[in-house]
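Contents: one structure, followed by commentary.
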Amino acid sequence: MDGDRYYIGNQAWMQTQGINTDAHQADIDAMTQRGETAIYLANADSVQALIGVSDPIRDDAIDAIARLQQQGLEVIMLSGDHPDTANAIGRQLGIDHVIAGVLPDGKSEQIQSLQQQGKCVAMVGDGINDAPALAQADVGVAMGSGSDIAIESAQITLMHQHLGAWQTPLGYLKPRYVI
């Protein structure tokens with residue numbers, strides 16, 4: 001812009017561009033504790049702005065997760081987000097087991113690892129990044145508003161956003177772990 005180059009991205013991207021982010025660590029820590037992902041805006045010299053982004057937690061998510069746990073299912077959050085951010089969201093949702101910082105192939109590998117331990121795994125997802133894991137799971141459940149590849153990779157597609165709706169098919173199939 002106006003002859004100057006600007007960068008927007010996460011901390012790792014800033015570091016690959018040689019931009020020092022150390023002066024902003026307290027702000028980043030506050031963002032991750034709120035469950036936000038920090039996005040940096042920088043020029044060649046320094047960070048110019050920080051933006052905290054997050055997906056809002058659905059009103060029915062906490063209740064749906066609690067009901068699954070009451071049925072004896074272990075709910076695991078599997079996320080590509082930074083571990084601090086994912087753990088903050090996990091706490092808000094009542095999820096004790098959070099696996100974070102995982103790339104799409106890593107999600108599939110995590111599910112495969114559980115399966116190799118003899119566990120039946122259901123995966124619920126909606127994005128392109130979830131497709132390999134949805135295909136690997138014993139039961140893949142895609143949200144109908146999700147990406148086409150997620151829907152194609154799953155065995156079950158929910159056509160509405162009410163999270164409690166997936167308890168019926170999962171209860172019928174009796175997986176041990178829900179990711």
Side-chain angles (χ1 to χ4, degrees), residues 9-12 24-40 50-117 119-143 145-147 150 153-154 156 158 161-171 173-179:
N10 64 15
Q11 186 175 28
H24 303 280
Q25 194 57 50
D27 294 324
I28 300 306
D29 291 345
M31 286 179 183
T32 57
Q33 291 306 309
R34 292 190 304 262
E36 297 174 350
T37 298
I39 305 295
Y40 294 79
L50 292 171
I51 304 164
V53 296
S54 66
D55 290 324
I57 293 176
R58 295 182 50 89
D59 292 338
D60 57 345
I62 294 170
D63 182 55
I65 290 167
R67 283 187 279 146
L68 288 169
Q69 292 168 331
Q70 289 167 357
Q71 294 174 20
L73 298 172
E74 180 178 356
V75 178
I76 300 170
M77 183 173 151
L78 185 58
S79 174
D81 288 337
H82 185 279
D84 293 338
T85 302
N87 282 311
I89 294 168
R91 283 190 302 275
Q92 293 172 33
L93 291 169
I95 299 173
D96 296 326
H97 191 172
V98 175
I99 302 169
V102 184
L103 298 174
D105 289 344
K107 289 181 179 184
S108 181
E109 290 169 6
Q110 290 288 333
I111 289 174
Q112 190 173 37
S113 175
L114 289 169
Q115 290 169 325
Q116 289 171 348
Q117 296 170 36
K119 297 172 179 158
C120 182
V121 179
M123 166 72 184
V124 180
D126 65 357
I128 292 170
N129 292 341
D130 296 324
L134 288 166
Q136 177 64 47
D138 296 292
V139 181
V141 181
M143 303 305 284
S145 63
S147 69
S153 300
I156 298 170
L158 299 181
Q161 292 298 310
H162 178 60
L163 296 175
W166 43 283
Q167 292 184 44
T168 301
L170 294 183
L173 297 167
K174 302 286 187 210
R176 178 69 180 100
Y177 288 82
V178 179
I179 296 183

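When every heavy atom of Gln69 is checked against every heavy atom of Gly94, the shortest pair comes out as NE2-O, 3.1 Å. In terms of heavy atoms, Glu36 sits closest to Thr85 at O-OG1, 3.0 Å. Residues Val98 and Gly90 come closest through the heavy atom pair CG2-CA, 4.1 Å. Shortest non-hydrogen contact noted between Ala133 and Lys107 is CB-CB, 3.8 Å. The heavy-atom pair separating Asp81 from Ala100 by the smallest distance is O-CB, 3.5 Å. Shown here for Gln33 and Ala88, the closest heavy-atom pair between the two residues is O-CB, 3.6 Å.
Listed by chain and residue number, Gln25 satisfy the side-chain hydrogen bond (donor to acceptor under 3.5 Å, both in side chains) test with Asp29 (two or more places apart in sequence, or in another chain).
Of the N and O atoms on the side chains of Asp138 and Gln115, at least one donor lies less than 3.5 Å from an acceptor on the other residue. With no hydrogens or angles considered, no side-chain donor-acceptor pair links Gln92 and Arg34 at under 3.5 Å.
Two residues are said to be in side-chain contact when any heavy atoms from C-beta on lie closer than 4.5 Å; Ile95 and Ile65 meet this criterion. Looking only at side-chain heavy atoms (C-beta outward), Ser113 and Glu109 stay at 4.5 Å or farther from each other. The side-chain heavy atoms of Asp130 and Met123, taken from C-beta on, include a pair separated by under 4.5 Å.
The CG atom of Asp84 sits 11.0 Å away from atom CD1 of Ile89, with the distance rounded to the nearest 0.5 Å. Between the CG atom in Asn129 and the CG atom in Leu78 there is a gap of 11.0 Å [rounded to 0.5 Å]. The structure places CG of Leu114 at 5.0 Å from CD1 of Ile76, a figure rounded to the nearest 0.5 Å. Within the model, atoms CG of Leu50 and NE2 of His24 stand 6.0 Å from one another, a figure rounded to the nearest 0.5 Å. One finds the CD atom of Gln11 at 6.5 Å from the CD1 atom of Ile28 (value rounded to the nearest 0.5 Å). Distance check: Gln70 CD to Asp63 CG gives 8.0 Å after rounding to the nearest 0.5 Å.
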(message) Before you tell me yes or no, could you show the steps for His97 and Glu74 under side chain to side chain contact (heavy atoms under 4.5 Å, CB included), namely the whole-Å CA-CA distance, both residues' side-chain angles and the distance that decides it to 0.1 Å?
(response) CA-CA 8 Å; His97 191 172; Glu74 180 178 356; 3.0 Å; yes

(request) Take Ile57 and Leu93 through the side chain to side chain contact (heavy atoms under 4.5 Å, CB included) test and state the conclusion after the steps. (result) CA-CA 8 Å; Ile57 293 176; Leu93 291 169; 3.5 Å; yes

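A donor-acceptor pair under 3.5 Å is absent between the side-chain atoms of Ser108 and the main chain of Gln136, judged by distance alone.
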